[in-house]
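FYI, the numbering just counts along the sequence from 1. Every value quoted in this text rests on a predicted model; they were computed, and no experiment measured them.
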Amino acid sequence: MEKIKMTTPLVEMDGDEMTRILWQMIKDELLAPYIELNTEYYDLGLEHRNKTDDRVTIESAEATKKYGVAVKCATITPNAARMTEYNLKEMYKSPNGTIRAILDGTVFRAPIVVKGIEPNVKTWVKPITIARHAYGDVYKNTEMKIPAAGKVELVYTACDGTEERSLVHTFNGPGVVQGQHNLCDSIESFAHSCFKFALDTKQDLWFATKDTISKKYDHTFKDIFQEIFDKDYKDLFKTAGITYFYTLIDDAVARVMKSEGGFIWACKNYDGDVMSDMISSAFGSLAMMTSVLVSPQGYYEYEAAHGTVQRHYYKHLKGEETSTNSVATIFAWTGALRKRGELDNNQRLIDFANKLEEACIKTIEDGKMTKDLALITTIDNPTVLNSRDFIIAIRETLDRML
């Protein structure tokens with residue numbers, strides 16, 4: 001068939017370790033044979049980030065503002081061990097955190113549901129979507145090691161020079177301290193994104209924080225959500241037949257475990273990070289979850305919700321066979337291609353993205369899968385494929401469907 005043309009580029013953000021290997025396989029086997037790929041490429045691999053003093057991460061986010069749609073591979077957020085392994089100039093912050101801070105908006109994560117992969121929570125019959133705030137909190141924190149006894153204070157200096165102080169802690173010996181922040185504008189964008197997404201998908205919206213303990217920080221989130229809902233969305237929700245409610249994060253966890261699913265669970269940045277991993281794992285696999293950052297300005301950044309699969313990468317370097325699930329990374333590409341097609345009125349591109357997703361699901365439901373799924377499937381005698389052969393099997397399914 002004639003290759004599908006793209007009129008506007010996607011921003012392509014390459015990544016690290018095993019997901020970087022899968023990234024190239026996906027392009028070679030599932031995309032390039034069918035599409036004249038048009039991307040503006042940014043290498044967010046840790047070595048190149050180090051070479052550019054992490055300027056490349058900022059440049060990729062700015063390019064996303066220019067073109068509107070990006071697709072991102074999983075990347076390393078370095079710790080002390082990575083500093084040594086990659087001979088880094090500094091311990092760079094999370095590239096996801098940097099990009100999200102620039103684009104703002106909300107990350108929506110939902111499990112990819114496949115017959116034969118049953119949720120660990122037996123009451124779940126519908127997907128649960130996590131709406132994760134994409135700015136601030138621990139991902140933009142400032143930390144300090146306290147060497148000895150002393151006093152730590154929060155100090156706010158107004159533009160006129162006046163100060164407001166609040167004691168954090170009086171240390172009697174060594175310790176650690178952390179400062180976090182958020183912006184009311186960003187919280188408002190988070191709320192609007194959640195309410196609009198709920199209306200678009202006709203799903204109930206839950207929001208949860210810990211305002212009983214954090215009476216100013218978390219309570220501000222709660223208040224902003226309620227004010228915006230009452231002012232702009234209350235009647236719309238009623239007309240749509242959906243509900244919004246707030247509860248404490250621990251109560252939300254208890255309710256989620258007894259629910260049937262089929263709703264959006266809005267969380268602050270860190271809560272959303274953790275809970276999306278819990279939801280995806282309980283539905284089957286960390287590699288079976290979609291993730292998209294949606295900004296109020298209409299920017300979209302698609303990625304897999306999991307990490308770089310370090311253990312498999314080290315096996316790959318030794319020449320050992322791996323069976324790494326590439327579904328979430330494939331769905332990052334299909335999500336971005338579909339959105340690019342929608343924005344450019346390119347129906348062929350939209351149809352291809354839909355077909356590729358169907359091919360992924362059908363391949364698994366036909367009993368061909370990676371080891372992580374084979375260990376939990378209810379399908380009899382599944383065929384366990386290595387990383388490349390699984391992608392080849394998807395391509396064979398796709399060719400039959402096309």
**Item:** side chain to side chain contact (heavy atoms under 4.5 Å, CB included) evaluation trace for Met6 with Leu349
**Value:** CA-CA 8 Å; Met6 296 174 60; Leu349 194 59; 4.1 Å; yes

**Prompt:** Just wondering, are more than 12 heavy atoms of other shown residues or ligands nearer than 6.0 Å to CG in Asn172?
**Reply:** no

**Request:** Determine, step by step, whether Asn50 and Tyr86 satisfy the side chain to side chain contact (heavy atoms under 4.5 Å, CB included) criterion, reporting the C-alpha distance in whole Å, the side-chain angles of both residues, the deciding distance to 0.1 Å, and the verdict.
**Result:** CA-CA 9 Å; Asn50 190 50; Tyr86 285 88; over 6 Å; no

**Item:** Cationic N near anionic O, under 4.0 Å, Glu342 to Lys339
**Value:** yes

**Message:** Looking only at the side chains, is there a donor atom on one of Thr397 and Thr363 sitting less than 3.5 Å from an acceptor on the other?
**Reply:** yes

**Item:** Glu321 versus Asn386, side-chain donor and acceptor atoms under 3.5 Å
**Value:** yes

**Prompt:** Between Tyr246 and Thr209, is any pair of side-chain heavy atoms under 4.5 Å apart?
**Reply:** yes

**Prompt:** Mind checking whether Phe195 and Phe225 have ring centres under 6.0 Å apart?
**Reply:** yes

**Item:** Min side-chain heavy-atom separation Phe352-Thr334 under 4.5 Å
**Value:** no

**Request:** Step by step, work out the side-chain hydrogen bond (donor to acceptor under 3.5 Å, both in side chains) result for Asp223 and Thr220.
**Result:** CA-CA 5 Å; Asp223 291 343; Thr220 297; 5.7 Å; no

Quick one: side chains of residues 106-120, donor-acceptor pairs under 3.5 Å with protein atoms, not counting sequence neighbours, listed by atom name and distance.
from	atom 1	to	atom 2	distance (Å)
Arg109	NE	Ser291	OG	3.0
Arg109	NH1	Ser276	OG	3.0

**Prompt:** Are Gln24 and Asp28 close enough that a side-chain donor and a side-chain acceptor fall under 3.5 Å?
**Reply:** yes

**Prompt:** Just by distance, with hydrogens left out, do Tyr139 and Asn96 show a side-chain donor and acceptor under 3.5 Å apart?
**Reply:** no

**Prompt:** Does NZ or CZ of Arg55 come closer than 6.0 Å to the centre of the six-membered ring of Tyr42, within 45° of the ring's axis?
**Reply:** no

**Chi angles and distances behind the side-chain hydrogen bond (donor to acceptor under 3.5 Å, both in side chains) call for Glu163, Tyr156** = CA-CA 6 Å; Glu163 288 186 353; Tyr156 163 67; over 6 Å; no

**Request:** First locate atom CD1 of Ile361, then atom CD of Glu357, and finally report the distance between them rounded to the nearest 0.5 Å.
**Result:** 7.0 Å

**Message:** If the threshold is 4.0 Å, N to carboxylate O, is there a salt bridge linking Arg100 and Glu301?
**Reply:** no

**Message:** Counting neighbours of CE on Met144 that are heavy atoms of other residues, nucleotides or ligands and sit closer than 6.0 Å, is the number greater than 12?
**Reply:** no

**Prompt:** Do Gln180 and Lys140 touch side chain to side chain, with heavy atoms closer than 4.5 Å?
**Reply:** no

**Asked** Can we say Glu12 and Lys27 salt-bridge, meaning some charged N sits less than 4.0 Å from an Asp/Glu carboxylate O?
**Response** yes

**Other residues, nucleotides, ligands: >12 heavy atoms within 6.0 Å of Glu358 CD** = yes

**Request:** May I ask you to decide whether Asp250 forms a salt bridge with Lys210, counting only side-chain N to carboxylate O separations under 4.0 Å?
**Result:** yes

**Request:** Would you check if the distance from the ring center of Trp333 to the ring center of Tyr302 is below 6.0 Å?
**Result:** no

**Asked** Taking the six-membered ring of Phe390 as reference, does the NZ or CZ atom of Lys368 fall below 6.0 Å from its centre and within a 45° cone about the axis?
**Response** no

**Item:** Pair Thr75-Lys72, side-chain donor/acceptor within less than 3.5 Å
**Value:** yes

**Prompt:** For the side chain of Ser186 and the backbone of Leu183, is there at least one donor-acceptor N/O pair under 3.5 Å apart?
**Reply:** no

**Request:** Check the pair Asp251 / Arg255 against salt bridge (charged side-chain N to carboxylate O under 4.0 Å, His left out), numbers first and verdict last.
**Result:** CA-CA 6 Å; Asp251 178 55; Arg255 289 179 181 232; 2.9 Å; yes

**Asked** Among Leu44, Leu46, Val309, which residue meets the side-chain contact (heavy atoms from CB on, under 4.5 Å) test with Asp16?
**Response** Leu46

**Message:** Does atom NZ (Lys93) have a neighbourhood of more than 12 heavy atoms from anything else shown, all under 6.0 Å?
**Reply:** yes

**Asked** Can a salt bridge be assigned to the pair Arg165 and Glu153 using a cut-off of 4.0 Å between side-chain N and carboxylate O?
**Response** yes

**Message:** Centre-to-centre under 6.0 Å for Phe237 and Tyr244, is that the case here?
**Reply:** no

**Item:** Side-chain H-bond candidate by donor/acceptor type, Arg132 with Asn269, under 3.5 Å
**Value:** yes

**Request:** Any chance you could measure Thr98, atom OG1, to Asp54, atom CG, to the nearest 0.5 Å?
**Result:** 6.0 Å

**Request:** Measure the shortest side-chain to side-chain distance between Ile242 and Leu199 over non-hydrogen atoms and say whether it is less than 4.5 angstrom.
**Result:** yes

**Request:** Taking Trp265 for its side chain and Val256 for its backbone only, find out whether a donor-acceptor pair lies under 3.5 Å.
**Result:** no

**Message:** Is it the case that the side chains of Thr308 and Thr19 hold a donor-acceptor pair, with the cut-off being a distance below 3.5 Å and no angle test?
**Reply:** no

**Complete:** Rounding to 0.5 Å, atoms CG (Leu337) and CG (Asn346) come to a distance of 9.5 Å

**Request:** Decide yes or no for Leu356 and Leu31: does some side-chain heavy atom of the first lie under 4.5 Å from some side-chain heavy atom of the second?
**Result:** yes

**Request:** For atom CZ of Arg348, decide whether the heavy atoms of other residues, nucleotides or ligands shown that lie under 6.0 angstrom number more than 12.
**Result:** yes

**Asked** Below 4.5 Å, heavy atoms only, C-beta onward: do Met288 and Phe283 meet side chain to side chain?
**Response** no

**Request:** Would you give the length of the straight line joining atom OG of Ser387 to atom NE2 of His316, rounded to the nearest 0.5 angstrom?
**Result:** 9.0 Å

**Message:** As an exercise, state the distance from CD1 of Ile224 to NE2 of His219, rounded to the nearest 0.5 Å.
**Reply:** 12.0 Å

**Donor + acceptor pair across side chains of Ser295, Asp104 (<3.5 Å)** = no

**Message:** Using salt bridge (charged side-chain N to carboxylate O under 4.0 Å, His left out), reason through Arg82 and Glu17 one step at a time and then give a plain yes or no.
**Reply:** CA-CA 12 Å; Arg82 299 292 202 172; Glu17 298 190 315; 2.8 Å; yes

**Message:** Using a strict threshold of under 4.0 Å (side-chain N to carboxylate O), is an ion pair present between Lys196 and Asp200?
**Reply:** no

**Asked** Is a salt bridge present between Asp218 and Lys222, judged by a nitrogen-to-oxygen distance below 4.0 Å?
**Response** no

**Asked** Is there side-chain contact between Ile21 and Thr322, with at least one heavy-atom pair below 4.5 Å?
**Response** no

**Message:** salt bridge (charged side-chain N to carboxylate O under 4.0 Å, His left out), that's the test. Do Asp43 and Arg20 meet it? Break it down for me.
**Reply:** CA-CA 10 Å; Asp43 185 356; Arg20 187 182 182 98; 2.9 Å; yes

**Between Thr64 and Tyr300, a side-chain donor and acceptor under 3.5 Å** = no

**Prompt:** Side chains of Pro33 and Arg395: closer than 4.5 Å at any heavy-atom pair?
**Reply:** yes

**Request:** Could you grab the distance from atom CD of Glu29 to atom OH of Tyr34, nearest 0.5 Å is fine?
**Result:** 8.5 Å

**Prompt:** Stepwise, does the side chain to side chain contact (heavy atoms under 4.5 Å, CB included) test hold for Ile187 with Asn182?
**Reply:** CA-CA 8 Å; Ile187 300 169; Asn182 222 293; 3.8 Å; yes

**Between Tyr217 and Asp137: side-chain donor-acceptor atoms closer than 3.5 Å** = yes

**Prompt:** Among side-chain atoms of His133 and Tyr270, is any donor-acceptor pair under 3.5 angstrom?
**Reply:** no

